[in-house]
Amino acid sequence: MTPPDSTPEATPAPVPSNFVRDIILDDLQTNKYSGRVHTRFPPEPNGYLHIGHAKSICLNFGLAAEFGGKTNLRFDDTNPEKEEQEYVDSIIDNVKWLGFQWEEPIHYASDYFQQLHDWAVQMIREGKAFVCDLTAEEVRKSRGTLTEGGTESPYRTRSVEENLDLFERMKNGEFPDGSRTLRAKVDMASKNLNMRDPVMYRILNAEHHRTGNKWCIYPMYDYAHGQSDSIEGITHSICTLEFEDHRPLYDWYIDQLGIYHPQQIEFDRLNLTYTMLSKRKLLQLVKDGHVRGWDDPRMPTLSGIRRRGYTPEALRNFCNAIGVSKTNGTIEIGLLEHHVREDLNKRAPRLMAVLKPLRVVIDNYPEGQTEEMDAVNNPEDASAGTRKVPFSRVLYIEQDDFREDPPKQFYRLSPGKEVRLRWGYFITCNSVVKDEKGEITEIHCTYDPATRGGNAPDGRKVKATIHWVSAAHAVDAEVRIYETLFDRENPNAAEDFLACINPKSLEVLTDCKLEPALGNVEPEFRCQFERLGYFCADKDTAPGKPVFNRTVALRDSWAKIEKRADKPGKPAK
RNA sequence: UCCCCGGUCGUCUAAUGGUAGGACAGCGGCCUUUGGAGCCGUGAAUCGGAGUUCGAAUCUCUGCCGGGGAGCCA
């Protein structure tokens with residue numbers, strides 16, 4: 001069987017125009033950074049990357065690639081209490097899988113701890129920072145409110161010498177967690193709360209995943225991020241909208257320090273219907289066992305999406321299609337699905353699998369006989385070639401493809417009706433066998449030997465073509481069918497998001513029958529099961545015992561007709 | 001209540017003072033050895049009010065609506 005496809009490099013597929021790109025274009029025009037474009041992707045390693053990060057990755061790497069620039073991968077690891085090496089590893093793996101190449105080496109905010117410290121000392125010397133003894137509670141109270149300014153800390157006027165001494169001792173671990181902070185002297189009366197003497201350093205006697213126990217004071221995001229950008233020579237520091245209010249502080253630190261000044265640009269983060277993209281809540285889903293880990297195929301994490309069977313190309317195309325703006329919007333999940341189908345339609349080989357088998361006996365087909373039927377692997381791609389599929393007297397078809405009492409417009413198999421078996425023969429149903437409970441256990445058909453391959457010499461047509469698997473040759477498999485993890489468009493708005501988990505988000509089918517070509521696949525092998533959808537071999541696959549995930553179903557116009565017929569007052573036409 | 005940012009088809013996005021366009025979704029049809037794919041067609045929008053202008057989605061004012069902001073999180 002064909003191996004799982006590799007991850008082709010992300011080609012600088014033209015990034016559609018957006019306001020960030022316009023800014024860069026303008027800066028190039030005015031030679032603001034002497035022609036340089038240098039972006040960065042700065043995740044905090046406190047969880048797995050999700051599809052929202054993919055948007056940021058595609059933006060940052062895509063823009064730099066388009067203008068011959070560079071993109072750094074930088075871990076924003078300034079909070080040792082939440083960050084772990086496992087997350088670092090997964091992030092590196094995800095970015096690579098998405099198809100992007102960062103500028104070596106990988107950077108870490110923790111690489112700059114010494115420099116950041118020295119700059120803090122410089123600010124103390126210049127009277128721009130002070131050690132504050134207020135407790136967290138006191139700081140909160142003195143900060144003021146949204147409508148009123150705050151009051152200055154009584155420690156704001158400490159001498160430079162005392163500040164220097166205290167800060168040194170903070171660094172040396174002489175004080176307990178939370179007992180003191182280093183704060184910037186900005187403006188307690190500012191309308192922008194971020195400017196009300198923000199904390200630069202806090203005391204945290206915690207082990208850091210990279211610096212170990214070397215430090216017991218750690219810089220805050222605002223004090224670390226802009227300077228990290230500056231050190232790396234970033235030109236455009238692209239982040240999400242909630243940092244808009246932080247930009248004045250970003251600019252302030254850099255101006256006070258008198259160092260190279262990148263510009264921060266904010267864009268709207270991704271929201272998806274039926275999807276939760278809060279790292280905190282995602283972590284809870286994993287920790288509390290609501291899903292089978294960070295890479296559960298129902299998760300919006302890149303690891304989960306990958307395991308589900310999505311391709312990097314599909315994800316990149318999606319990210320390009322949604323655009324970038326400053327509007328708070330929500331993308332319909334259907335657009336994401338459209339992009340996987342579009343990509344997989346071109347490249348996924350077609351095979352036959354029966355998920356809910358119904359036994360079919362071809363009464364007039366010789367017992368013990370087997371034929372090898374020729375099947376086209378991909379009608380969209382002639383180079384995919386053909387394969388042989390065994391045909392015999394007893395087959396499985398999909399339960400959904402047979403109706404004893406067919407509704408109007410159902411043109412699959414039913415008593416007295418004739419259909420085509422894909423790449424096989426025309427068959428006609430003659431009788432139905434039921435058990436004592438009235439359940440159909442098998443059906444009996446006759447086939448027309450003249451229709452071998454699927455065409456009738458007399459030119460007669462059939463309405464439907466259905467898929468099948470020869471019982472004697474079938475490979476048993478488990479197939480996992482997914483629906484959205486949440487039962488409503490906006491689970492974020494719910495009071496209790498756990499209560500919105502869709503009970504039907506995972507359905508495990510254990511009695512599936514696959515054509516023999518599917519008997520020995522590698523995890524991540526992707527294909528289409530004819531008429532059903534795109535599927536991907538799961539990592540739980542064992543030799544001879546495949547496990548498949550349904551990536552996405554095919555568009556199903558019959559399901560639409562049926563649904564419409566269900567609606568009272570709107571009968572199928 | 002104070003500050004910041006937004007508001008264009010159902011959804012996302014373009015038009016940067018000069019014909020409101022695209023994608024997805026919807027609907028109708030054609031085609032078909034996947035009720036798949038493909039093709040063709042179609043309905044659908046500038047938050048309201050004033051102003052500037054020959055001309056406004058775009059500029060100004062104002063109102064309304066939505067998002068974000070009071071971590072020693074990022």
Side-chain angles (χ1 to χ4, degrees), chain A residues 16-19 22 42-44 46 76-79 81-83 132 134-137 139-141 143-150 177-183 190-194 196 198-204 217-218 220-222 224-225 239-248 266 268 273 279-280 321-339 341-342 345-346 350 352 375-376 378-380 409-412 420-424 426 451 453-455 461-467 528-533 553-561:
Chain A
S17 180
N18 61 60
F19 83 98
D22 289 343
E44 182 190 11
N46 67 342
D76 216 339
D77 55 352
T78 56
N79 185 350
E81 294 180 325
K82 292 183 178 174
E83 296 150 7
C132 182
L134 257 26
T135 63
E137 174 75 357
V139 169
R140 190 175 62 74
K141 277 187 179 146
R143 185 153 28 225
T145 66
L146 292 175
T147 51
E148 306 154 49
D177 283 9
S179 58
R180 279 176 233 263
T181 55
L182 181 72
R183 293 224 261 160
S190 175
K191 302 270 192 194
N192 184 339
L193 277 69
N194 295 123
R196 318 237 261 232
V199 171
M200 296 165 64
Y201 272 93
R202 74 283 216 189
I203 299 173
L204 245 32
I217 54 172
Y218 290 90
M220 297 290 291
Y221 166 85
D222 286 308
H225 202 91
C239 62
T240 42
L241 252 26
E242 68 271 24
F243 290 101
E244 223 158 4
D245 287 339
H246 293 246
R247 183 165 13 107
E266 311 86 12
D268 60 333
T273 56
K279 267 189 176 180
R280 200 202 98 231
I322 59 180
V324 178
S325 71
K326 298 185 73 152
T327 326
N328 286 302
T330 304
I331 308 289
E332 290 174 346
I333 193 77
L335 184 61
L336 211 213
E337 295 177 342
H338 161 77
H339 283 282
R341 289 197 190 97
E342 181 184 63
N345 176 50
K346 288 179 298 194
R350 273 65 165 168
M352 293 197 286
V376 171
N378 186 349
E380 303 290 320
Q409 281 185 98
F410 181 88
Y411 40 83
R412 273 111 93 148
R420 170 168 41 234
L421 294 175
R422 182 79 152 153
W423 314 123
F426 285 12
T451 58
N455 286 304
K461 303 286 186 197
V462 287
K463 266 291 219 187
T465 300
I466 66 176
H467 60 277
Q528 181 192 114
F529 289 171
E530 293 237 15
R531 304 206 303 133
L532 297 174
L554 253 25
R555 290 186 65 207
D556 186 349
S557 46
W558 166 242
K560 218 179 269 181
I561 292 168

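All heavy atoms count here, side chains included; hydrogens, waters and symmetry mates do not.
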If we take the [atom1] atom in both [N] and [M], what is their distance in whole Å?
N: B:A57; M: B:C9; atom1: P; value: 14 Å
N: B:C72; M: B:U1; atom1: P; value: 26 Å
N: B:A25; M: B:U11; atom1: C1'; value: 7 Å
N: B:G21; M: B:A70; atom1: P; value: 43 Å
N: B:A20; M: B:G63; atom1: C1'; value: 25 Å

What are the two closest heavy atoms between [X] and [Y], and how far apart are they?
X: A:His339; Y: A:Ala321; result: NE2-CB, 3.4 Å
X: A:His225; Y: A:Pro42; result: CE1-CB, 3.6 Å
X: A:Val324; Y: A:Asn18; result: O-CB, 3.6 Å
X: A:Tyr201; Y: A:Met220; result: N-CG, 4.4 Å
X: A:Asn345; Y: A:Arg350; result: OD1-NH2, 2.7 Å

Taking only side-chain nitrogens and oxygens of [X], does any of them come within less than 4.0 Å of OP1 or OP2 of [N]?
X: A:Ser325; N: B:C12; result: no
X: A:His338; N: B:C24; result: yes
X: A:Arg196; N: B:C3; result: no
X: A:Arg143; N: B:C72; result: yes
X: A:Arg202; N: B:C73; result: yes
X: A:Lys560; N: B:G26; result: yes
X: A:Arg531; N: B:G35; result: yes

- Quick one: do A:Lys326 and A:Glu244 make a salt bridge, cutoff under 4.0 Å? yes

- Any Lys/Arg nitrogen of A:Glu342 or A:Lys346 sitting under 4.0 Å from an Asp/Glu carboxylate oxygen of the other? no

- Query: Looking only at atom types and distance, does a side-chain atom of A:Thr181 sit under 3.5 Å from a main-chain N or O of A:Val199, one as donor and one as acceptor?
  - Reply: no

- Could you tell me whether the side chain of A:Thr465 and the main chain of A:Arg420 form a donor-acceptor pair under 3.5 Å? no

Under 4.0 angstrom, heavy atoms only, what part of the nucleic acid is [X] near: base, sugar-phosphate, or nothing?
X: A:Ala321; value: nothing
X: A:Asp22; value: base
X: A:Pro379; value: base
X: A:Thr273; value: nothing
X: A:Thr135; value: base
X: A:Gly178; value: base
X: A:Tyr411; value: base
X: A:Arg183; value: nothing
X: A:Glu44; value: sugar-phosphate

Consider the side chain of [X], meaning its heavy atoms from C-beta on, and name the nucleotide among [options] that approaches it most closely.
X: A:Ser557; options: B:G69, B:G35, B:C73; value: B:G35
X: A:Met220; options: B:G35, B:C2, B:C73; value: B:C73
X: A:Asp556; options: B:C72, B:G35, B:G71; value: B:G35
X: A:Lys191; options: B:C3, B:A70, B:A14; value: B:C3
X: A:Leu146; options: B:C2, B:G36, B:A74; value: B:C2
X: A:Leu193; options: B:C24, B:G36, B:A70; value: B:A70
X: A:Trp558; options: B:G35, B:C24, B:G71; value: B:G35
X: A:Ile322; options: B:C12, B:C72, B:A74; value: B:C12
X: A:Thr181; options: B:A74, B:C12, B:C72; value: B:C72

- Query: Considering heavy-atom distances to RNA chain B, does A:Ile331 or A:Ala464 have its closest nucleotide positioned more toward the 5' end?
  - Reply: A:Ile331

- Query: When you match A:Thr451 and A:Arg555 each to their closest nucleotide on RNA chain B, which lands nearer the 5' end?
  - Reply: A:Thr451

- Query: Since syn is defined as within 90° of 0, does B:G55 count as syn or as anti?
  - Reply: anti

Suppose we call a contact any N or O donor and acceptor under 3.5 Å apart; does that hold for the side chain of [X] and the base of [N]?
X: A:Glu266; N: B:G68; result: no
X: A:Glu332; N: B:G10; result: yes
X: A:Asp245; N: B:G68; result: yes
X: A:His246; N: B:A74; result: yes

- Query: When the distance from CG of A:Asp268 to P of B:U11 is rounded to whole Å, what number comes out?
  - Reply: 15 Å

- Query: Less than 4.5 Å apart, any side-chain heavy atom of A:Asp245 and any of A:Leu193?
  - Reply: no

- Task: Check whether the side chains of A:Glu137 and A:Thr135 place a donor and an acceptor atom closer than 3.5 Å, and report yes or no.
- Result: no

- How is the base pairing of RNA chain B summarised as a dot-bracket string, given the Watson-Crick and G-U wobble criteria with both distances under 3.5 Å, [ ] for crossing and | for another strand? .((((((..((((....[..)))).(((((.......)))))....(((((..]....))))))))))).....

